[in-house]
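The structure appears right after this line, and notes come after that.
Chain naming here is simple, since letters A, B, ... match the order of the sequence lines and numbering starts at 1 in each.
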Protein chains: 2
Amino acid sequence: MSEADPSTPKERRLAPPTISRLSEYLIILEELGESGREVVSSRDLAALYGNNASQVRQDLCCLGHTGRVGQGYRVRELERMIRATLGIDTIKKMVLVGCGRLGTTLAVHVPMAHYGMELVGAFDVSPQMIGTRLGPVRVQSAQNIRDFCAKHGVELAVLTVPKTAAQDVSDALVAGGVRGILNYTRVRLRVPAGVAVKNRQIVCSFLQLFHATTSQPA
Amino acid sequence: MSEADPSTPKERRLAPPTISRLSEYLIILEELGESGREVVSSRDLAALYGNNASQVRQDLCCLGHTGRVGQGYRVRELERMIRATLGIDTIKKMVLVGCGRLGTTLAVHVPMAHYGMELVGAFDVSPQMIGTRLGPVRVQSAQNIRDFCAKHGVELAVLTVPKTAAQDVSDALVAGGVRGILNYTRVRLRVPAGVAVKNRQIVCSFLQLFHATTSQPA
DNA sequence: TAGATTGTTAATCGATTAACAATC
DNA sequence: TAGATTGTTAATCGATTAACAATC
């Protein structure tokens, strides 16, 4: 461990655009794999993603060598490499805070278990909600957030609470040791360095679509 | 109309990263406005967004002149300019296809009417679903998609159907004249030039968060 | 006035695209 | 072998950051 592992390929940090493309490549590869496809070229993958072969190869060469010159990439192997690169071959515990409509939908809709995430807890303040089942877990009081996360070693959280509660919940999560928050609220959270926040205001996707159909008529 | 309008400021196309930031600035400005704030500097806005003042000014200077040198930007005025730039001061008609859990959640959760979008139709194949109310509309059979969109001049669509139906629905939307599709399915849609597709696979946000907490420990 | 802050140009940085030798 | 396609370097392109004159 004291020296750089020679088997590790590049180990330079991946560019942010590359990371977001990798997760989309993964989805495409899973679809290809399910349809029985065994090999895919950078050209094919680019056609599916909507970019170009050069970019695909550039993105993929950070993963360690998986392609066969003259042949392309083996779908399953590439899938595994991307999973490893994203880290999702290791399971991380996740909690959901805010079990309203959006929160419950995300919990049900996203196949977390398939992507290295284990939903171990769900929290809400509503007495009607507390105690009900949500997928694999039972909803508990938001007062437990900090202790629960600390006790179970929770690393990730999804935040779908009303904006008035967002910062307090965030503080509780961070105090409990959570290191990544997927923030669906309108609030810009203040978190200490070392905690990752991804803001995903759904309405922004709608606005971007709107603009895309506004700017150039064709 | 034959000459360039001299009142139009730059009118060079906005850079894609700028567009996505603009929609987030808008949310921040709305919050500021609601809290009574009247003026904001590029420095303040950058602190809230999490970038730097230079980038904020660079982004904002495409909108036409709204800032006051030495003073900052008026919150309400800036809000209006961003709305105009995104185009959301003009109403566009939108339909939802796929009224399952995710689709209905989006329809309820996103304040479309507040952002220039009018939900005029919702479609599903399920007989139980057809005829039920969804926000301002009644769910109708997916068979009507094409004719309905053409008849009402629908421009935008949200797609939350099972993947097996995605391409067919997309074709129907396009045939009906829809020019922008917000695609929440795993399928990469094939659409003709001039139709904008924004792929928003929610799971990808989870994967990106995962990676962010994997790469550097702090 | 002096301090603050914009608008905008120039410099830097990073990401995408092109090109091609290596090779299956 | 010839054709295809990777891995990777170099060239181009675009986005971010720095700097500063203009000015409220």
What is the distance, rounded to the nearest whole Å, between atom [atom1] of [X] and atom [atom2] of [N]?
X	N	atom1	atom2	result
A:Arg74	D:dT6	CZ	P	14 Å
B:Arg13	D:dA15	CZ	C1'	15 Å
B:Asn52	C:dT6	CG	C1'	15 Å
A:Gln55	D:dT12	CD	P	19 Å
B:Asp59	C:dG7	CG	P	12 Å
B:Asn51	D:dA15	CG	P	15 Å

Restricting to ring pair (Phe, Tyr, Trp, His ring centres under 6.0 Å), what partner residues turn up for A:Tyr49, sequence neighbours left out?
A:Tyr25

Tell me, what's DNA chain C's dot-bracket, Watson-Crick or G-U with both distances under 3.5 Å, | for other-strand, [ ] crossing?
..||||||||.|||||||||||||

Is it true that B:Gln208 and A:Ser23 share a donor-acceptor pair across their side chains at a distance under 3.5 Å?
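Yes, side-chain donor-acceptor contact under 3.5 Å.
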
Looking just at side-chain N and O atoms, do B:Arg179 and A:Thr213 make a donor-acceptor pair shorter than 3.5 Å?
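Side chains of B:Arg179 and A:Thr213: no pair found under 3.5 Å.
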
Which nucleotide sits closest to the side chain of A:Pro17: D:dT8, D:dA15, C:dT16?
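My answer, after comparing the listed nucleotides, is C:dT16.
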
With a 4.0 Å cut-off, would you call [X] and [Y] a salt bridge?
X	Y	answer
B:Arg37	B:Asp44	yes
A:Glu31	B:Arg188	no
A:Glu30	A:Arg76	no
B:Arg83	B:Asp89	no
B:Glu77	B:Arg68	yes
A:Arg186	B:Glu24	no

Ignoring backbone atoms, test whether A:Tyr73 places a side-chain nitrogen or oxygen under 4.0 Å from the OP1 or OP2 oxygen of D:dA4.
no

Mind running a 4.0 Å heavy-atom check of residues 20-46 of chain A against DNA chain C and sending the residues that fall below it, in number order?
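Contacts with DNA chain C under 4.0 Å: A:Arg21.
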
Could I get the full list of side chain to side chain donor-acceptor pair (under 3.5 Å) partners for B:Asp171, not counting sequence neighbours?
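Applying side chain to side chain donor-acceptor pair (under 3.5 Å) to B:Asp171 gives B:Gln167.
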
Excluding sequence neighbours, so at least two apart, what forms side-chain contact (heavy atoms from CB on, under 4.5 Å) with B:Ile202?
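side-chain contact (heavy atoms from CB on, under 4.5 Å) list for B:Ile202, sorted by chain: A:Leu106, A:His109, A:Val110, A:Tyr184, B:Leu102, B:Tyr184, B:Phe206.
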
Let me have a per-nucleotide readout for nucleotides 19-24 of chain C, 5' to 3', with B, S or -, counting only protein heavy atoms under 4.0 Å.
BB-BBB

If you go through the side-chain atoms of B:Gln58, does one of them form a donor-acceptor pair with the base of D:dT17 closer than 3.5 Å?
yes

